[in-house]
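Have a look at the structure below, then the notes.
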Amino acid sequence: MTSALGKDLLGLEALTSDQIRLILDTAEPFKEISERAIKKVPALRGSTIVNLFFENSTRTRISFEFAEKRLSADTVNVSASGSSVSKGETLVDTARNLEAMRIDMVVIRHGASGAAQFLAERIESNVINAGDGTHEHPTQGLLDMLTLRDHLGDLAGRKICICGDVLHSRVARSNIWGLKKLGAEVAVCGPRSLLPNAIEEFGVIVFERIEEAIEWADALNVLRLQLERMTAGYIPSSREYNRVFGISRERLARAGRNVLILHPGPMNRGVEIDSDVADGPQSVILNQVTNGVAVRMAVLYLLAGGRPELAEAAKGGGR
Amino acid sequence: MRGAAPVLLRGGTLVDPSSGLDERGDIFIRDGVIDGIGGNLGAPDSAEVIDCSGFIVAPGLIDVHCHLREPGREDVETIATGARAAAAGGFTAVCAMPNTDPVTDNQAAVGFIVRQAQRAGAARVHVIGAISVGQLGERLAEFGEMVAAGAVAVSDDGRPVVSAQLMRTALEYARTFRIPVIDHCEEPTLASGGAMNEGIVSARLGLKGIPSEAEEIMVIRDILLARRTGGHVHLAHMSTHGSVELIRWGKERGINVTAEVCPHHISLTEDRVLAYDTNAKMNPPLRTQKDVESLREAVKDGTIDMIATDHAPHHYDEKEREFADAPNGIVGLETALAVSITSLVEAGHIDCQTLVEKMSCAPARLFGLPGGTLKRGEPADITVFDPRGKWIVDPLQFVTKGRNSPYAGATLTGRAVCTIVGGQIVHRLTNQGEAIGSSRAGTR
């Protein structure tokens, strides 16, 4: 059976606005399951899901694992270190071996852009991209949108600015595609050395100064500044980055309105975001984490062929 | 070696800009040389007669840039399979790049390739020696001894000559031997880690891009060094609009610069990478439509002197992986003629005269190689090709060991019907087992 999303979820660039809305709408009833004493429904009972993580990840892997377990799927975690991958096995061989054990889905995190698509084209199982290189991280984009929608309502016409290292960010790309498809106005702000050279061709506004971005935006999605960018010479220091681009309480206060603050984590407190902002009243960072489980449940449910209109019922008895 | 039977190429359109030929006629080949050119030539009964009506008869195609992988990677190509693939693609001669293992950077290594090519008995294989020992960019290799052993040019292709001082010295030193110094133009710090052209497509795919300027900075450096030294710099696989403008600037000033373009850079754009297809990964990368159009114009107006394949076979397993980790390069010997005809001749940019100039006459003239002309008494290196026939590319049918082609499944126009090297027929195109154009002498 072909699901409403097709076989795989590889990125938001390829999805239609209706498909994105469908995932977000399907996530709504799943939110409630995590609030129960018994956080489990039988919707994916009997399904086998492999979480194939070639890069270290805590948040995303655990979030997927909770989503799978709360839908009653059987899950196996494979990480690159200590597996046959570290003995030189290729990605395609790893995948084919897993599939030979008769699995239903693979959730893959990989350091190479395109790795999820590569896998999806070569195996029958559903493939969910949990982040491929600097390409896309679709479930992160979706949970960001679900969180924005919770607080801002319909995103059409809303102004969202993605701040920081857009060049190396899969989160940024998924946000740009997803938000634009839902009709939001999207901007980016960061040092030009950390923006793709062709960034304007994405159809986004570019702010070179963070003050202008804060002035403009309804919400800021603040990206993690990976510390290796300094050693690679993209920017001189994290200290200067904080002074020029950091999100501080003072800068937010100058906007004179309530600008929502998101961050995909893990945060570098005192670098891209100050602690009083991260922990402050405008921050929805922990809401993002909570929504991550619901969005991933929705994606798993839909890819498994679950019917959207039965999601409400699925959380009851899994009919 | 047995002597080849005489051959009569009957009724083709003779196209040779080097001698001004552009007319219907016959060519008679005996004892390895062109014995007669004209209308209604006779032939002895022993002659093999090939009906060339509807086909172009041209001086044999010459590729100044290919990678035959031997010694070192005989699993992906050998000199023999490469020379046969060349013949199948209509090439009577190719120049093998020295980035082998070990590097072709001395007279013994050059001699090995010369001998292997003689054994293969297909297309001629000329040797390009390394500029620097081990292609390490430090010390000059022994140009003089390599030339004496058969090398026709020098290059560190596969990697750029990073040191401007080494490039300067190479251009100066090469003058004694009258050989071109070929550079792979890539500024290494700008190109570092890049997997495709830098632009909107690389930004969308999350792949590190290689900006046009990585090529252009080295192009202008090399042109300026050629001006300083008077040496002949040949710029390999030009891929950008900016490079074309810089070469034009150099040629207008009489600087000794020549340049080649690959068929893929005049036919495909970076969009071809969108599905992370590693068979669209090469260096320099596929660029934009503007670059493609600029390069086509440059072929037409003479800024680009010749077409070269950069034939680079890789093993299936090496290409069957994550895009950023896959090696650069595609095979090209068996599609170059067809891609050039399809993208340049059929598309109306150039005629067959100019095509033959770019694929045969210019390489011979500018690299000082035999061939590139249809003249009585010259060795019979001749390519007969069908300029109109359409075919679908199936890499499984290739003679090369490589299957890494971005043209798999594409319908192309034009194909080599017969390739003759020194009077020997080294390739005949067949149709259901029957050689095309077959007939015996004595029937007329």
Side-chain angles (χ1 to χ4, degrees), chain A residues 10-14 54-55 80 85 88-96 108 110-122 129 131-138 165-174 176-177 180 188 194-204 206 232-234, chain B residues 187-216 240 242 269-281 285-291 314-328 404 408-409:
Chain A
L10 304 178
L12 299 189
E13 185 181 359
F54 291 88
E55 277 187 341
V85 173
E89 187 171 75
T90 64
L91 175 57
V92 68
D93 281 339
T94 303
R96 284 185 182 139
I108 178 174
H110 197 288
S113 300
Q117 179 173 341
F118 179 90
L119 186 67
E121 286 167 355
R122 283 159 182 80
N129 182 5
D132 63 325
T134 56
H135 175 226
E136 283 223 43
H137 189 354
D165 181 5
V166 175
L167 182 63
H168 300 99
S169 176
R170 50 197 175 208
V171 177
R173 285 167 179 75
S174 290
I176 291 170
W177 298 123
K180 284 178 65 72
V188 299
L194 288 175
L195 300 181
N197 192 247
I199 184 68
E200 279 89 352
E201 292 178 57
F202 279 91
V204 299
V206 180
Y234 287 95
Chain B
E187 204 293 311
T189 61
L190 276 177
S192 171
M196 67 172 298
N197 183 48
E198 177 176 315
I200 180 63
V201 179
S202 68
R204 283 168 65 186
L205 293 176
L207 293 171
K208 186 156 192 308
I210 302 172
S212 305
E213 289 76 9
E215 175 171 305
E216 293 153 5
T240 80
T269 68
E270 59 182 354
D271 288 349
R272 192 64 181 64
V273 181
L274 272 172
Y276 295 101
D277 182 353
T278 57
N279 285 331
K281 183 179 180 185
L286 298 175
R287 305 281 187 184
T288 68
Q289 190 60 37
K290 180 187 176 186
D291 297 303
H314 287 290
H315 196 277
Y316 174 81
D317 290 341
E318 295 173 303
K319 281 288 198 181
E320 176 73 355
R321 57 175 312 160
E322 301 88 321
F323 193 89
D325 299 335
N328 286 306
N404 47 313

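Below, chains carry the letters A, B, ... as their sequence lines are ordered, and counting in each starts from 1.
Using a 4.5 Å cut-off between heavy atoms, A/His168 does not touch chain B at all. For B/Ala195, no part sits under 4.5 Å from any heavy atom of chain A, backbone or side chain.
Two residues are said to be in side-chain contact when any heavy atoms from C-beta on lie closer than 4.5 Å; A/His135 and B/Tyr276 meet this criterion.
Remark: A/Asp93 CG to B/Asp317 CG distance equals 8.0 Å, nearest 0.5 Å. One distance of note links CD of B/Glu322 with OG1 of A/Thr90; it measures 8.0 Å at 0.5 Å rounding.
Ranked by heavy-atom pairs under 4.5 Å with chain B, the first of A/Glu121, A/Arg170, A/Glu200, A/Glu201 is A/Glu201.
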I'd like a table of donor-acceptor pairs (distance under 3.5 Å, sequence neighbours excluded) in which one partner is a side-chain atom from residues 197-210 of chain B, with atom names and distances.
residue	atom	partner	partner atom	Å
B/Asn197	OD1	B/Arg287	NH1	2.8
B/Asn197	ND2	B/Glu270	OE1	2.9
B/Ser202	OG	B/Asn197	O	3.4
B/Ser202	OG	B/Gly199	N	3.0
B/Ser202	OG	B/Gly199	O	2.9
B/Arg204	NE	A/Glu13	OE2	2.7
B/Arg204	NH2	A/Glu13	OE2	2.5
B/Lys208	NZ	B/Ser192	O	2.8

